[in-house]
Engineer: 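Take a look at this one; I'll ask things after.
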Amino acid sequence: MRHLPYFCRGLVVRGFGRGSKQLGIPTANFPEQVVDNLPADISTGIYYGWASVGSGDVHKMVVSIGWNPYYKNTKKSMETHIMHTFTEDFYGEILNVAIVGYLRPEKNFDSLESLISAIQDDIEEAKKRLDLPEHLKLKEDTFFQVSKSKILNGHC
């Protein structure tokens with residue numbers, strides 16, 4: 001995991017519509033160009049770190065990078081679950097993500113329930129790991145001090 005921590009930002013776009021509806025775990029999705037700019041040798045799987053929307057507060061997050069075998073996606077995606085309750089959607093806002101650690105490879109599941117259970121386990125494990133001093137310090141990284149006027153090109 002020589003790429004970590006990995007900092008990335010881009011506009012939030014509509015995903016597959018499964019996070020909130022089927023899983024009860026809302027996700028913020030990056031556009032294809034951001035996913036396409038990930039390091040070529042970054043492993044697919046579940047990662048954890050920090051995220052903010054626009055110039056808002058920084059929260060714990062987990063992110064899935066890959067093809068989501070359960071859903072048999074044909075396009076690689078990057079879906080971020082921010083551990084915070086937002087009162088409204090934020091499509092079109094800038095999502096800032098700092099990936100600091102790797103939890104597990106992506107895998108297929110035999111049921112929706114087992115997928116949801118694995119995601120809940122990932123969230124709990126990420127919460128614990130992000131409380132470690134070496135990860136907590138990244139919450140304060142200057143990357144998250146985003147100026148509203150900063151021009152972004154949609155790339156990581």
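In this text the structure is predicted, and so the values were computed from the model without any measurement.
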Engineer: I would like to know whether Ile65 and Leu38 meet side-chain contact (heavy atoms from CB on, under 4.5 Å); could you show each step before the answer?
Structural biologist: CA-CA 10 Å; Ile65 299 173; Leu38 288 168; 3.7 Å; yes

Engineer: Extract all donor-acceptor atom pairs below 3.5 Å that involve side chains of residues 111-120 and protein atoms in other chains or at least two apart in sequence.
Structural biologist:
{"from": "Ser111", "atom 1": "OG", "to": "Ser114", "atom 2": "N", "distance (Å)": "3.0"}
{"from": "Ser111", "atom 1": "OG", "to": "Ser114", "atom 2": "OG", "distance (Å)": "3.1"}
{"from": "Ser114", "atom 1": "OG", "to": "Asp110", "atom 2": "OD1", "distance (Å)": "3.1"}
{"from": "Ser114", "atom 1": "OG", "to": "Ser111", "atom 2": "N", "distance (Å)": "3.3"}
{"from": "Ser114", "atom 1": "OG", "to": "Ser111", "atom 2": "O", "distance (Å)": "2.9"}

Engineer: Between Leu138 and Phe7, which heavy-atom pair has the shortest distance, and what is it?
Structural biologist: CD2-CZ, 4.1 Å

Engineer: Among Val58, Val97, Leu95, Val63, which one satisfies side chain to side chain contact (heavy atoms under 4.5 Å, CB included) with Ile82?
Structural biologist: Leu95

Engineer: Which atom names give the shortest non-hydrogen contact between Ala51 and Thr80, and what distance separates them?
Structural biologist: CB-CG2, 4.4 Å

Engineer: Side-chain contact, heavy-atom cut-off 4.5 Å: Ile99 with Leu4?
Structural biologist: yes

Engineer: Looking only at heavy atoms, which two atoms of Thr44 and Tyr102 are closest? And how far apart?
Structural biologist: O-OH, 3.4 Å

Engineer: Of all residues at least two apart in sequence or in a different chain, which pass the side-chain contact (heavy atoms from CB on, under 4.5 Å) check with Leu136?
Structural biologist: Trp50

Engineer: Measure the shortest side-chain to side-chain distance between Ile94 and Leu11 over non-hydrogen atoms and say whether it is less than 4.5 angstrom.
Structural biologist: yes

Engineer: Taking only residues two or more places apart in sequence or in another chain, which ones pass side chain to side chain donor-acceptor pair (under 3.5 Å) with Glu93?
Structural biologist: none

Engineer: For side-chain contact (heavy atoms from CB on, under 4.5 Å), just list the numbers for Lys139 and Phe144, CA-CA rounded to whole Å, side-chain angles, deciding distance to a tenth of an Å, and then say yes or no.
Structural biologist: CA-CA 8 Å; Lys139 181 180 183 184; Phe144 290 110; 5.9 Å; no

Engineer: Between Arg129 and Glu125, does any NZ, NE, NH1 or NH2 come within less than 4.0 Å of an OD or OE carboxylate oxygen?
Structural biologist: yes

Engineer: Decide yes or no for Phe30 and Val13: does some side-chain heavy atom of the first lie under 4.5 Å from some side-chain heavy atom of the second?
Structural biologist: no

Engineer: Please examine the side chains of Val34 and Cys8, heavy atoms only from C-beta on, and report whether any two atoms are closer than 4.5 Å.
Structural biologist: yes

Engineer: Within 45° of the axis and under 6.0 Å from the centre of the six-membered ring of Phe143, does NZ or CZ of Arg9 qualify?
Structural biologist: yes

Engineer: Quick one: NZ on Lys137 to CD on Glu140, what's the gap to the nearest 0.5 Å?
Structural biologist: 12.5 Å

Engineer: What distance do Met78 atom CE and Asn37 atom CG have between them, rounded to the nearest 0.5 Å?
Structural biologist: 11.0 Å

Engineer: With the side chain counted from C-beta on, respond yes when Met83 and Met61 share a heavy-atom pair under 4.5 Å apart, and no when they do not.
Structural biologist: no

Engineer: Once rounded to the nearest 0.5 Å, what's the spacing between atom CG of Leu130 and atom NE2 of His135?
Structural biologist: 6.5 Å

Engineer: Between Tyr91 and Arg14, does the side-chain contact (heavy atoms from CB on, under 4.5 Å) criterion hold? Intermediate values first, please.
Structural biologist: CA-CA 7 Å; Tyr91 297 113; Arg14 292 198 180 271; 2.9 Å; yes

Engineer: At their closest point, which heavy atom of Val62 faces which heavy atom of Ala126, and how far apart are they?
Structural biologist: CG1-CB, 3.4 Å

Engineer: Below 4.5 Å, heavy atoms only, C-beta onward: do Ile25 and Ile123 meet side chain to side chain?
Structural biologist: yes

Engineer: Would you check, one step at a time, whether the test side-chain contact (heavy atoms from CB on, under 4.5 Å) holds for Asn68 with Ser77?
Structural biologist: CA-CA 8 Å; Asn68 301 322; Ser77 66; 3.5 Å; yes

Engineer: How close do Trp67 and Glu106 get, counting heavy atoms only, and between which atoms?
Structural biologist: N-OE1, 3.0 Å

Engineer: Which atoms form the tightest heavy-atom contact between Phe109 and Arg104, and what is the distance?
Structural biologist: CZ-NH2, 4.0 Å

Engineer: Please confirm whether the backbone N or O of His59 pairs with a side-chain atom of His84, one donor and one acceptor, at under 3.5 Å?
Structural biologist: no

Engineer: I'd like to check Tyr47 versus Leu103 (side-chain heavy atoms, cut-off strictly below 4.5 Å). Are they in contact?
Structural biologist: no

Engineer: Between Asp36 and Lys76, does at least one N-O distance fall below 4.0 Å, as a salt bridge requires?
Structural biologist: no

